[in-house]
Every structure is written in structure tokens, then in C-alpha cells.
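Read through the structure below, which is laid out as C-alpha cells, and then see the notes.
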Amino acid sequence: MAGGGGDAKSVLQPGSNCLDIAHAGRVSVIVDAADYFHHVRQAMLNAEHRILLIGWDFDTRIPLERTRPGWEHGETLGSFLLALSRRKPRLAIDILKWDVGAVKMLFRGAALVTLIRWAMRRQITFKLDSAHPPGCSHHQKIVIIDGALAVCGGIDMTGDRWDTPEHRDEEPRRRRPNGKHYGPWHDVTMMMDGEAAEAVSKLGHDRWALATGRDLKPISDRADPWPDGLEPTFTDVDVALSRTRALYEDCPEIREIEALYLDLIASAKRFIYAENQYFTSRKIGEAIAKRMAEPDPPEIVLIGPLQADGWLEQVAMDAARVRLAQAIGKSDAGRRFRIYTPATAGGQPIYVHAKLMIVDDRVLRIGSSNMNNRSLGLDSECDATIESDDAETRATIAALRLRLLAEHLDVPVEALAGEIEAKGSMIAAIEALRGDGKTLNPLDLSAPGEVETFIADNELLDPEHADGFFEPLSQRGLFRRWRARFRQASGRKSGTDR
């Protein structure tokens with residue numbers, strides 16, 4: 001793979017692109033929600049003191065386990081937590097959900113009944129998080145059990161999330177509570193213990209206090225809630241936590257996640273492999289364009305969905321992604337930047353909701369943040385990052401990258417590894433192996449329509465900061481500072497068409 005850019009020093013800098021770095025005895029990367037729902041349920045069964053669930057959305061009607069006969073009429077998330085509270089009367093179950101997203105619950109009749117039943121249980125506390133400026137959301141997906149185990153990633157415990165890595169065209173278990181089927185869904189999360197879990201726990205306690213005005217009691221007597229049967233992906237590694245938070249009342253703005261994206265892109269020597277739901281950030285686009293303009297840039301492969309989820313998001317996010325890719329392409333003489341979208345064996349799009357980045361097999365980053373302006377400055381986010389020069393850890397990160405790519409291409413890991421080795425290029429290997437059936441397809445970069453272009457170029461739904469919703473159009477724009485910034489950074493014109 002190509003060299004160039006970056007240096008040997010640690011990219012993780014507490015106080016700049018991360019909150020802190022803490023040690024974990026075990027870290028497990030869990031791919032897709034079928035395994036995640038199973039393992040997080042097992043971990044919650046092991047809880048003795050407190051389960052703290054923090055998320056963008058929760059749907060009490062979904063089943064976590066879908067392997068047993070009759071699963072569709074059996075235990076749901078809501079009934080599971082109720083039964084757990086009865087079985088363990090000393091266990092506190094605290095749930096924090098984004099307040100605006102709670103509107104969805106008005107259309108989930110059974111969910112409202114469950115909330116009433118929860119309210120009758122002294123151990124269960126359900127709160128709505130409104131501690132954000134207008135237009136912003138609480139987007140973290142965090143689980144903390146007894147302060148000793150934590151989950152940080154992209155998977156919400158809600159509908160339309162459950163799927164297996166096979167992403168089959170016909171999957172009867174991929175069903176909403178109302179019985180309707182939904183399409184294939186790809187996602188990733190990270191489970192950890194040790195001091196890293198304690199750091200996530202502190203972050204969660206701080207968010208709870210900000211949203212509710214109430215502190216949670218610390219836990220001193222900790223057991224080990226790690227789920228039986230879950231093998232750690234890593235042992236004895238350090239984990240950094242990075243955050244986004246908009247300026248809100250007395251709480252200062254936090255943009256660690258933005259800084260980390262930019263630092264990781266700048267540090268890459270050989271390649272970046274990323275999976276992300278969105279790609280609409282001007283700053284990230286500029287950072288990639290700057291690297292592509294170098295004589296020997298790293299390869300950057302981004303895996304994303306064919307279309308955003310929902311009509312409004314498609315109009316805004318999909319057009320911005322194409323516009324950024326077109327602009328980057330004018331600096332990318334070697335075609336080292338590629339965006340692919342995965343499809344099933346039958347050609348059905350697989351929705352990519354994962355938020356993952358791997359840099360040179362030295363850095364692994366998983367979290368809730370997308371590559372859009374909202375995640376960099378508006379919404380509350382949390383990402384977890386492992387950085388290591390240890391040979392064993394780097395080999396494990398490489399194995400994860402190969403596993404994910406092989407899943408998307410539907411080829412054996414060994415065949416993919418051999419193709420990358422033979423061609424010396426991740427992109428060349430993808431191009432050689434992709435084909436009919438379950439595969440990766442290049443993103444169609446056809447120019448969006450006039451309406452979509454106007455919405456994307458003026459960042460109408462994806463401003464760079466909370467006040468951006470109220471800025472005049474003359475002060476907005478996907479490329480409004482691109483030309484000047486890129487020229488200053490690289491000493492050459494950006495080549496944008498603005």
C-alpha cells in the first residue's frame with residue numbers, strides 16, 4: 001500500500017481529540033445486532049446493581065433473542081426488563097432516551113402500555129433527554145452495567161436493527177413489531193470492561209445528571225457482568241473516548257470527535273477503511289481532498305448505504321455525499337478514494353448504519369458519530385478508539401478489517417487477504433473480487449437534481465453548529481470555504497466547481 005503522511009507519535013491526544021485514555025482487560029467488537037442483542041441481554045442478566053441505558057431510541061416491543069421457536073410472540077425488551085426488575089429487586093434500571101424521538105412512541109401502542117408498567121416498578125426509571133439546543137439530538141448508544149461493563153457503538157435497541165452478517169434477502173426474523181419485514185441492516189458496536197468501562201460509566205452518569213438534574217449513586221461493590229460465551233477481540237488494551245456536545249446553557253461545546261476524524265485522516269500512511277451511514281461533512285471532505293492531492297496518498301475506502309434512511313435524509317444527505325465525492329475526485333488523480341455500497345445476493349441494498357474507522361491497522365475507532373456536521377458539532381455523540389503499535393493488536397485490527405470486507409464481498413477471508421497481498425492495494429482487491437450477487441458496488445456519482453443540490457450545498461438539514469439553523473443562506477454552503485482553505489493547506493487549487 002502507499003506511503004506518505006503522518007508520523008509515529010500517538011494520534012490520541014486527551015484534551016484535544018479525546019476525553020481520556022483508559023485500560024480495558026477485555027474488548028469485544030460485535031458485528032450486527034443479532035449477536036449484540038444476544039450478548040447485551042446476557043450481560044444484563046448478570047447485573048447486580050444498576051443497568052444504565054442511554055440512547056437515541058428504544059423500542060420496548062422488540063425481541064432481543066430471535067433464535068427460539070415462537071420468538072415473535074415471546075419476550076420483548078420491555079417484558080425482559082420488567083421480569084429482571086422482579087427477579088432482582090435491588091437492581092436499578094435507568095433509561096435515558098432522546099426527547100424528540102419520543103414522539104415515535106405515540107404510535108407504538110404496546111410501548112405506551114409498557115411504559116406505564118415500568119412506571120409502576122420502583123426500580124425502573126425512564127427519562128427523556130432534552131439537554132440540547134433546538135434542532136440537536138441525543139445520539140449516543142451506550143449501555144453501562146454495574147459500572148464494570150460498558151457498550152459504546154452504533155446499535156440502538158430499537159426496530160429495524162436486528163440482522164445477521166449473512167444479510168439474507170429472505171430473513172423471516174427481520175421483522176418489525178407490527179409484523180412487517182424490513183431490509184438488511186449492517187452495524188457495529190464495542191463492549192469493554194475495566195477502567196475503560198468506568199470511564200464510559202462516568203460519562204453516562206454525567207449525561208444522566210445533565211438531562212435529569214439528578215445524580216446516580218456510585219457503585220463500589222462490582223462483580224463481573226461480562227456475558228458468558230463472548231470471547232474478547234482484544235485483551236489488555238487502552239481505549240480512548242471522544243465526544244461531541246453542542247453548547248448548551250452552562251455546558252461548553254465539545255468537538256473531540258471532529259478533531260479525531262481530522263487527525264486520523266492526516267495521520268494515515270497507507271490506508272483508511274471506514275464504514276459510515278453519512279458522508280456530508282465539508283471539513284472531512286476537505287481533509288480527504290488534501291490527502292488525495294499528495295504525490296503518494298493513502299487509499300481511503302468508505303462503505304456506506306446506497307441511500308439514506310427516509311425521504312428527507314435522502315434529499316439532503318445523499319446529494320451532499322455525491323457533491324463531496326465529486327469535489328474530492330478532482331484532486332484524486334490516482335483514484336485513491338472510493339465509496340462503495342453493499343448489496344445482498346439478490347441485489348437488495350444493505351443499509352450501513354455502522355460508524356467505524358480503521359487506519360493502517362494501527363487505529364480502530366467505533367462509536368455513534370457519523371461523518372456529517374450533526375455528529376461533529378450538534379448531536380451528543382461518543383466514540384471509542386484503540387490505538388496500538390503492538391504487533392498482536394495490529395494483527396487483530398487487520399483481521400477485523402478483512403472480516404468486514406469479506407462479509408461485504410461474500411468471499412473467504414483468505415481469498416481477500418491473498419488478493420490484497422498480490423495487488424498491494426485494498427481498492428484493487430475489491431475491484432478484482434466484487435461481482436454479481438452479494439458484493440460491493442461503486443457509489444453512483446451522477447449529479448443530483450437542482451432541488452437536492454440546493455439543499456445539500458446550503459446545508460439546510462446538516463449545519464455545522466447549532467446556530468446554523470438560523471443563519472441566512474448567504475453564510476451557509478457545503479463549499480463556501482473549501483477553495484480558500486484547501487488552497488492554503490495544500491498550495492494548490494481545490495478544483496471544485498464552485
Please report the closest heavy-atom contact between [X] and [Y], naming both atoms and the distance.
| X | Y | value |
| --- | --- | --- |
| Y261 | L376 | CD1-CD2, 3.7 Å |
| E253 | G377 | OE2-O, 4.2 Å |
| I21 | C18 | CG1-SG, 4.2 Å |
| L378 | T244 | N-CG2, 4.1 Å |
| P177 | D59 | CG-OD2, 4.0 Å |
| L306 | D318 | O-OD2, 4.4 Å |

Sole candidate of R245, K283, R282, R243 that passes salt bridge (Lys or Arg N to Asp or Glu O under 4.0 Å) when paired with E258: K283

Distance from L260 atom CG to Q13 atom CD, nearest 0.5 Å?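 One gets 10.5 Å once the value is rounded to the nearest 0.5 Å.
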
To the nearest 0.5 Å, tell me how far F234 CZ sits from I386 CD1. 4.5 Å

Ignoring hydrogens and geometry beyond distance, is a side-chain donor-acceptor pair present between [X] and [Y] at under 3.5 Å?
| X | Y | answer |
| --- | --- | --- |
| T164 | D32 | no |
| H167 | Q348 | no |
| S368 | Q140 | no |

May I have the step-by-step check of side chain to side chain contact (heavy atoms under 4.5 Å, CB included) for S388 and V237, ending in yes or no? CA-CA 8 Å; S388 179; V237 292; 5.9 Å; no

Name the residue from L356, I155, D156 that meets the side chain to side chain contact (heavy atoms under 4.5 Å, CB included) definition with T189. I155

Should T233 and V27 be marked as a side chain to side chain contact (heavy atoms under 4.5 Å, CB included) after you check the CA-CA gap, both sets of side-chain angles, and the distance that decides it? CA-CA 6 Å; T233 310; V27 173; 5.7 Å; no

Any side-chain heavy-atom pair from [X] and [Y] closer than 4.5 angstrom?
| X | Y | value |
| --- | --- | --- |
| L52 | H205 | yes |
| D99 | H132 | yes |
| T158 | D160 | no |

Among Y351, Y36, W162, exactly one meets ring pair (Phe, Tyr, Trp, His ring centres under 6.0 Å) together with W185. Which residue is that?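 Only match with W185 under ring pair (Phe, Tyr, Trp, His ring centres under 6.0 Å): Y351.
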
Apply side chain to side chain contact (heavy atoms under 4.5 Å, CB included) to residues H408 and H186 and explain how you reach the verdict. CA-CA 10 Å; H408 296 313; H186 175 73; 3.7 Å; yes

How are the rings of W56 and H139 set to each other: parallel, tilted or perpendicular (split at 30° and 60°)? perpendicular

Test the R161-F37 pair against the cation-pi criterion, namely NZ or CZ under 6.0 angstrom from the six-membered ring centroid and within 45° of the ring axis.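 Judged by the rule, R161 and F37 form no cation-pi pair.
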
